[in-house]
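Comments concern the structure below.
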Amino acid sequence: MNRKVIERASLVPSPRIPSDFADRYVAAGYWTEETFQHFLGRRAETFSDSIAVVDGDTRLSYREVSDRADRFAAGLAERGLRPGDRVVVQLPNIAEYVVVIFGIFRLGAVPVFALPAHRRTEMNQFVDAADACAYVIADIGGGFDYRTLAREVVAASDRPPLVIVIGDPEEFVAFDDVAFDDVASEAVDVPDVAADSVAFLQLSGGTTGAPKLIPRTHADYLYSVRGSADICECDKNTRILVVLPAAHNFPMSSPGILGVLHAGGTVVMAPDPTPSTAFEIIERERITMVSLVPPLVLAWMNAPSRHAHDLSSLQVLQAGGAKFSSEAARRVRTELGCTLQQVFGMAEGLVNYTRLDDPEDVIVTTQGRPISPDDEIRVVDDNGDEVSPGSTGHLLTRGPYTIRGYYNAPEHNATAFTPDGFYRTGDIVRVVEGGYIIVEGRAKDQINRGGEKVAAEEVENHLLAHESVVDAAVVSQPDQYMGERTCAFVITHGTRPSKIALKKFVRERGLASYKVPDSIVFVDEFPVTGVGKISKNALRRALEKTLVD
Ligand code: AMP
Ligand code: DBH
């Protein structure tokens, strides 16, 4: 058996919510002593034989998931993992996902949530930034062999993580060996972690070249989970279909997997997001709720097969991650026969929902209002001054489940947060009657590709690595289906590569494919602003007039 003892520095402290705020959040009952370490065990006491997770023919009760998670935790401890150690998790939507994350939580270790789309460069960055001890993958997912990726990650790392594979492990450690060891059958015996300690590291869409990790605590995140479950009216009859990648903050906690498990409902994993797969599962599993990004809502509403399936169990369809147009929003009830809930959230914290009993007009025209009465919302102009009520400006927020800083990123934190601790979301919004927020645009240098966030600077850096590229500027271009797509303006010297070759070059640098520019425009110079900076506004305007491929 492959045993390995790995020692790692304990979690680097990140800016915490100051104690005067923390005291208030405890007094208000938002922050409790509950942690993810005991979350599933407690649920298993209450909901024991109810089905917690469904994945194809696999149906696991709360008791079974909890037992398996305990065994996995004990197996990790056997291999030298300790409370506070980081474990990168990159899994498709499978039942084991829930076992794995709760096993890590049970040990008091800290999951780092990667997406299945991430590739070599991103995974190296996460493993490195988090100083991860272990990396959990499935053998194959979506036709891609993650063991090949793990091999590259191990080869590139000074401190290679222990790779644990669900399925055929090849040279790595088998998940089954960790979770079903003889030694691992004893209940794990570790000290309790504190509720205000970091529970996991979530990924930000980011605006810079380097990824930013988001430290969320047990207390802050569980408050948002309970609040979300409440607002979304989850109970033991809720059956949620997980279509988006499970590790994304939206399907994880808005109310997502965690909100539904909190309430004793059932989490059903979808192997792919296509309407035909989803409709079939909705009918078979009597799904009541689903969370989607806008392009998927459009695809579902336009799919003829929706008439071939009984979708009558579906009560709530959530749309979030990117702006959902009011025209499309208006069609949801008639096309799919369920209530639309708009969700405007961020892994950094703040989540807004339209309420299920809101008037139809509020549901289709706004992106909802915050979970908590103590979510502080400020809308400011370019100088940081508060705008008049109802006017458009930059959204800043602070509250009981919004971070005060990214993990181990003091320089970035100095600009991403105000001195008094408000997170600069980079979103341009308007707050209307009742505190509802309408997202009007974005100030941050990011492209929102149907909910997948692309940091312009990151892609520009990869383009600049090409020997013929002198300068690059990546901007968004409106897209009927995706909302936005990426367009890279590129200045070259010497022999100009073909557009296809340049895209291939970016892809082969080991990036998630959603970051590869959708189109490329070669130019001789960039338009500049009065102060001589590249004018991305002018580039976006130029795109409105040109046809690009
Ligand atoms: P992240 O910080 O990577 O978790 O991404 C959060 C960002 O996604 C927000 O700051 C918004 O820019 C965007 N976003 C999420 N939900 C919505 C929505 N319903 N409408 C518009 N933008 C959204
Ligand atoms: O886009 C997001 O990050 C997001 C969208 C909806 C999110 O984090 C959330 C809900 O919690």
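In listed order, ligands and their atoms are each counted from 1.
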Looking at Phe144, I'd like to know if the NZ or CZ of Arg119 sits under 6.0 Å from its six-membered ring centre while staying within 45 degrees of the ring's axis. yes
Under 4.0 Å from ligand 1, counting heavy atoms only: the protein residues, by chain and number: Ser204, Gly205, Gly320, Gly321, Ala322, Lys323, Val343, Phe344, Gly345, Met346, Ala347, Glu348, Gln367, Asp427, Val439, Lys444, Asn448, Lys453
Derivation of the side-chain contact (heavy atoms from CB on, under 4.5 Å) call for Val290 and Ile282: CA-CA 9 Å; Val290 65; Ile282 291 171; 5.6 Å; no
Tell me every residue that passes salt bridge (Lys or Arg N to Asp or Glu O under 4.0 Å) with Arg330, counting only those two or more places apart in sequence or in another chain. Asp361
Does the ring of Phe102 carry Arg106 above it, NZ/CZ under 6.0 angstrom from centre and within 45° of its axis? no
Any donor-acceptor pair under 3.5 Å linking the side-chain atoms of Asn249 with those of Tyr221? yes
Any ion pair linking Lys453 and Glu348 (charged N to carboxylate O, less than 4.0 Å)? no
In chain-and-number order, ligand 2 lies under 4.0 Å from a heavy atom of each of His248, Asn249, Phe250, Ser254, Gly321, Val343, Gly345, Met346, Ala347, Val351, Lys453
Ion pair check, Lys212 and Glu458, cut-off under 4.0 Å: no
Return each pair, listed once, that meets ring pair (Phe, Tyr, Trp, His ring centres under 6.0 Å) where at least one residue sits in residues 225-274; pairs must be two or more places apart or across chains. none
Strictly below 4.0 Å, N to O, side chains only: are Asp420 and Arg378 in salt-bridge contact? yes
